[in-house]
Amino acid sequence: VDVFEPASTMKPFSVAAALESGRWKPADTVHVETGTLKIGRYTIRDASRTAGETLDMTGILVRSSNVAISKVAFDIGAERIYDVLHRVGLGQETGIGFPGEQSGVLPARREWRPTETATLSYGYGVSVTSVQLAKAYATLVNGGVSVPTSLLRIAEVPKGHQVIPASVANAVRKMLVQVVEG
């Protein structure tokens, strides 16, 4: 029932939004320059030393680069990332019927400022429950098919619905394998 800021666990969904946009392919790269990115009075930093690196989409996830994913987000727009996050169930109750379940916070903006676009791309300014996050990742690894969630044993598997194109979900899943193996 508790919510938390998911931080870098949101990057795969931002990558999915980029791939789905058609503007980005898995091999496309982002140069990180100094490892920081100044937006007005704010400075985005990478916790890992990425200065001078050029990262492809998998590298962005492996290195967990806030700077690189922010640059991708500026290119595709926050609306695309918001849309993917909403489709995988963030900002909504899961329907498990658990007392006190919270819906979390997925902010919708009429116009996204650069700082909001950047922070959305790497999971700040958003809050989720553990069940929402697990369901979102289950959707990614299930070929982009979202299946209703239950805490109870059910007789048959409920019918799911495609919320992310299978090709995009499968590409991100392969990238995530590199995160844990790399």
Side-chain angles (χ1 to χ4, degrees), residues 1-28 56-58 60-62 64 69 72-73 76-110 112 116-117 119-182:
V1 297
D2 292 334
V3 295
F4 59 94
E5 205 168 46
S8 291
T9 62
M10 292 294 97
K11 287 179 184 140
F13 301 100
S14 298
V15 168
L19 297 176
E20 189 178 58
S21 77
R23 294 178 58 83
W24 291 83
K25 305 285 182 248
D28 289 342
D56 63 8
M57 298 304 263
T58 302
I60 290 172
L61 297 178
V62 168
S64 192
I69 200 66
V72 171
I76 64 169
E79 299 83 3
R80 289 184 188 272
I81 298 169
Y82 171 89
D83 184 48
V84 167
L85 296 175
H86 187 265
R87 282 187 273 142
V88 298
L90 302 186
Q92 308 158 59
E93 289 186 8
T94 61
I96 60 173
F98 195 78
E101 179 186 11
Q102 296 185 43
S103 60
V105 175
L106 179 59
R109 308 262 190 259
R110 190 172 295 143
W112 291 84
E116 295 165 338
T117 298
T119 56
L120 180 68
S121 74
Y122 55 83
Y124 282 52
V126 176
S127 65
V128 301
T129 65
S130 297
V131 173
Q132 286 175 326
L133 189 57
K135 181 179 180 181
Y137 269 87
T139 299
L140 266 182
V141 301
N142 194 31
V145 176
S146 178
V147 177
T149 308
S150 176
L151 295 177
L152 304 173
R153 182 182 298 229
I154 51 178
E156 58 185 66
V157 177
K159 183 161 176 54
H161 58 282
Q162 196 79 42
V163 296
I164 296 174
S167 60
V168 170
N170 293 335
V172 174
R173 184 180 67 225
K174 288 177 186 173
M175 291 176 193
L176 289 171
V177 168
Q178 294 301 310
V179 172
V180 295
E181 289 182 352

*Asks:* Is the count of non-hydrogen atoms from other residues, nucleotides or ligands lying under 6.0 Å from Tyr124 atom OH greater than 12?
*Replies:* no
*Asks:* For the residue pair Leu120 and Ala78, what are the closest heavy atoms and their distance?
*Replies:* CD2-O, 3.7 Å
*Asks:* Start with the C-alpha gap between Thr139 and Arg87, add the side-chain angles, then the distance that decides, and say whether side-chain contact (heavy atoms from CB on, under 4.5 Å) holds.
*Replies:* CA-CA 10 Å; Thr139 299; Arg87 282 187 273 142; over 6 Å; no
*Asks:* Using modelled atom types only, decide if a donor and an acceptor are shared between the side chain of Arg80 and the backbone of Ala17 within a distance under 3.5 Å.
*Replies:* no
*Asks:* Look at the aromatic rings of Trp112 and Tyr82 and report parallel, tilted or perpendicular, splitting at 30° and 60°.
*Replies:* tilted
*Asks:* Any chance you could measure Gln178, atom CD, to Met57, atom CE, to the nearest 0.5 Å?
*Replies:* 15.0 Å
*Asks:* Let me confirm one number: the CZ-OG1 distance from Phe4 to Thr9, rounded to the nearest 0.5 Å.
*Replies:* 6.5 Å
*Asks:* Look up atom CG in Leu85 and atom OG in Ser14, then write down how far apart they are to the nearest 0.5 Å.
*Replies:* 6.0 Å
*Asks:* Can you find a heavy atom in the side chain of Leu176 that is under 4.5 Å from one in the side chain of Arg173?
*Replies:* no
*Asks:* What are the two closest heavy atoms between Val126 and Pro107, and how far apart are they?
*Replies:* CG2-CD, 4.3 Å
*Asks:* Are Thr149 and Thr94 linked by a side-chain donor-acceptor pair shorter than 3.5 Å?
*Replies:* no
*Asks:* Is the side chain of Gln162 donor-acceptor paired with the backbone N or O of Ile164 at a distance under 3.5 Å, no angle test?
*Replies:* yes
*Asks:* Check Leu140 against Pro12 and note the closest heavy-atom contact, atom names and distance.
*Replies:* CD1-CB, 4.1 Å
*Asks:* Kindly give the heavy-atom pair with the smallest separation between Gly91 and Leu106, and that separation in Å.
*Replies:* CA-CB, 3.8 Å
*Asks:* Using only atom types and a distance under 3.5 Å, with no angle test, would you say the side chain of Lys11 pairs donor to acceptor with the backbone of Ile60?
*Replies:* no
*Asks:* Would you call Pro26 and Thr58 a side-chain contact if the rule is heavy atoms closer than 4.5 Å?
*Replies:* no
*Asks:* Looking at Glu116, is its backbone amide N or carbonyl O close enough to the side chain of Thr119 to form a donor-acceptor pair, meaning the two atoms are under 3.5 Å apart?
*Replies:* yes
*Asks:* First locate atom CG of Leu133, then atom CE of Met10, and finally report the distance between them rounded to the nearest 0.5 Å.
*Replies:* 5.0 Å
*Asks:* How far apart are the closest heavy atoms of Ala73 and Ile81, and which atoms are they?
*Replies:* CB-CD1, 3.6 Å
*Asks:* Closer than 3.5 angstrom, by distance alone: can the side chain of Asn170 be matched with the main-chain N or O of Ala166 as a donor-acceptor pair?
*Replies:* yes
*Asks:* When rounded to the nearest 0.5 angstrom, what is the spacing between CZ in Arg109 and CD in Glu79?
*Replies:* 11.5 Å
*Asks:* Can you tell me how far the CD atom of Gln102 sits from the CG atom of Asp2, to the nearest 0.5 Å?
*Replies:* 7.0 Å
*Asks:* For Val128 and Gln132, which heavy atoms make the closest approach, and how far apart are they?
*Replies:* CA-OE1, 3.2 Å
*Asks:* Quick one: does Glu5's side chain have a donor or acceptor within less than 3.5 Å of a partner on Gly125's backbone?
*Replies:* yes
